[in-house]
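Please read these numbers as outputs of a predicted model, since none were measured by experiment. Residue numbers start from 1 in every chain, and the chains themselves are labelled A, B, ... in the order their sequence lines are given, proteins ahead of strands. Just so you know, these numbers use all the heavy atoms, side chains as well, and skip hydrogens, waters and symmetry mates.
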2 protein chains.
Amino acid sequence: MTTRNKPIYFEQLHYQQRRIFNFIKRFMDRYSYGPTMREIMTGLDISSTSVVYYHVNRLVETGFLEKGHGISRGLRIPDHYFEPPASVSVPMLDEIITNFSERVPCYGRRHEIPTEWLRGRAADDVYALRVNTHLMYDAMVNDGDVVVLRRQSRLNDGEIGIIMLPAKKETRIRRLKYEGEWVCLEPLMSVMQPLRCRQDEIQIVGKVLGLMRQF
Amino acid sequence: MTTRNKPIYFEQLHYQQRRIFNFIKRFMDRYSYGPTMREIMTGLDISSTSVVYYHVNRLVETGFLEKGHGISRGLRIPDHYFEPPASVSVPMLDEIITNFSERVPCYGRRHEIPTEWLRGRAADDVYALRVNTHLMYDAMVNDGDVVVLRRQSRLNDGEIGIIMLPAKKETRIRRLKYEGEWVCLEPLMSVMQPLRCRQDEIQIVGKVLGLMRQF
DNA sequence: CTTTAAACAGAACTTTTGTTCTCTGTCTAA
DNA sequence: TTAGACAGAGAACAAAAGTTCTGTTTAAAG
């Protein structure tokens with residue numbers, strides 16, 4: 001395997017090689033199978049298959065293409081050329097489950113969220129939750145909104161999460177601030193009152209990643 | 001073109017044809033190009049390429065496969081076998097543009113929205129708009145939220161849209177109700193006051209499809 | 001100006017691969 | 001029983017397509 005370090009960016013490739021690469025990509029888009037050397041030749045008005053062969057091998061050397069030796073239409077575009085999916089599907093919960101050590105029921109329905117919301121992390125333990133009125137004014141969350149959360153029992157200082165108050169039988173979306181032995185549940189709307197309580201009085205359900213509302 | 005009506009569902013296909021179809025699908029998944037008759041033959045321990053050829057043509061006849069005549073590795077799996085994308089990308093606007101007859105500036109940034117929000121319609125004229133505070137309390141929309149809208153100058157009775165009040169130099173997200181010569185802009189939060197005005201006092205920017213908020 | 005490597009041209013060659021053909025066995029409906 | 005549709009075997013053929021070879025041009029470097 002002889003890999004050169006010279007050209008890294010596509011723009012640094014020579015004119016002919018850029019043309020060939022683009023042709024292959026468009027061809028595969030259209031026909032789902034790759035072009036032959038001859039098809040590239042006629043498609044780009046190149047005079048000989050050997051010229052195509054030459055440049056294709058150059059592209060393979062520089063990692064812009066993959067190719068099975070002796071395989072008809074065996075050109076491939078490496079995986080890293082395809083953008084990762086812009087959205088991921090996460091399971092949808094019908095209600096908040098108190099004890100998260102037990103299995104979370106998934107009713108088969110799923111919800112699509114932007115990959116960006118994961119901030120590079122895996123989608124493990126990420127769920128969508130359709131909230132009902134009792135969460136309403138806490139954080140500009142409306143009845144019927146879908147809240148996306150990562151299930152976790154701890155939050156860093158200043159992070160926003162879904163927090164249960166077992167004594168009051170309430171669930172809130174609040175920003176968590178640690179103050180020594182105490183925690184302060186700050187509302188996201190200034191109209192609401194902050195809530196100060198002992199750490200063992202709250203139960204953290206998860207971290208809120210985002211919210212989606214369909215009108 | 002001889003198309004039969006007999007087998008419609010994959011499960012109705014004969015054992016051998018199901019095997020071949022699955023083999024092709026797995027092969028393409030793995031190598032990105034299709035298998036040859038011989039590769040299918042050896043891969044499925046079939047005794048002759050002609051047997052493979054026979055069943056492949058049967059699969060083409062019944063619409064489970066597509067195939068270019070005389071094309072090496074020219075097998076294709078029809079589009080309808082692949083699920084439509086779960087999300088679509090729409091251009092992002094930096095601000096509300098008053099006169100929508102002129103070209104909408106697009107800064108290259110885009111936003112991912114669930115396909116479901118389009119309700120089967122095309123993504124034409126759909127834009128994402130990051131709102132700033134002046135829209136805030138109208139509809140539980142917060143500063144920094146991304147509102148997804150379809151650009152249109154008319155709304156049906158009861159639909160929710162982004163509505164400009166040129167005289168007041170205000171923009172609101174409200175539910176529109178027609179009352180004869182008048183229109184009523186109903187708030188989505190009951191705390192707010194409805195607004196009654198003449199039809200020529202408002203300018204409809206678009207219909208609101210949804211809202212996304214990243215924490 | 002000479003040298004050298006990259007790029008191009010054209011043709012021929014070899015392998016790969018789709019296609020055809022003939023023959024055989026099996027099952028079903030008439 | 002028998003014609004006919006269907007599936008399978010095996011071999012051979014022909015087209016498709018990758019590869020190699022030789023030689024020429026071009027452009028940059030020494």
- Task: Send over the distance from A/Y31 OH to D/dA17 P, rounded to a whole Å.
- Result: 13 Å

- Message: The side chain of A/T49 is closest to which nucleotide in this list: D/dG18, C/dA11, C/dA7?
- Response: C/dA11

- Would you state whether a donor and an acceptor, one from the side chain of A/S50 and one from the base of C/dG10, lie under 3.5 Å apart? yes

- Expressed in angstrom and rounded to an integer, what is the separation of B/L59 atom CG from C/dG18 atom C1'? 17 Å

- Task: Check salt bridge (charged side-chain N to carboxylate O under 4.0 Å, His left out) between B/E112 and all other residues, then give those that pass, not counting sequence neighbours.
- Result: none

Identify each donor-acceptor pair in which a side-chain atom of residues 155-162 of chain A lies under 3.5 Å from a protein atom, sequence neighbours left out, and give them as a table.
unit_1, atom_1, unit_2, atom_2, d
A/D157, OD1, A/Y178, N, 2.7
A/E159, OE1, A/N156, N, 3.0
A/E159, OE2, A/K207, NZ, 3.2

- Item | Separation of C/dA5 P from A/H14 NE2 (nearest whole Å) | 16 Å

Listing, residues 65-72 of chain B side-chain donor-acceptor contacts under 3.5 Å, not counting sequence neighbours, or none:
none

- Query: Which whole-number value in Å describes the distance from A/Y53 OH to C/dT14 P?
  - Reply: 15 Å

- Message: I need the residues from residues 33-45 of chain A with at least one non-hydrogen atom less than 4.0 Å from DNA chain D; give them sorted by number, or say none.
- Response: A/T36, A/M37, A/R38

- Message: Taking the minimum atom-to-atom distance to the side chain of A/Y54, which one of C/dA6, D/dA7, C/dC21 wins?
- Response: C/dA6

- For DNA chain D, consecutive-pair runs of 3 or more (Watson-Crick or G-U wobble, both H-bond-type distances under 3.5 Å) give C:1-30 with D:1-30

- Message: Checking B/H55 against B/Q17: is there a side-chain donor and acceptor pair closer than 3.5 Å?
- Response: yes

- Task: Mind running a 4.0 Å heavy-atom check of residues 66-76 of chain A against DNA chain D and sending the residues that fall below it, in number order?
- Result: A/K67, A/H69, A/G70, A/I71, A/S72, A/R73

- Query: Can you check the A/E61 CD to C/dA5 C1' distance for me, whole Å?
  - Reply: 14 Å

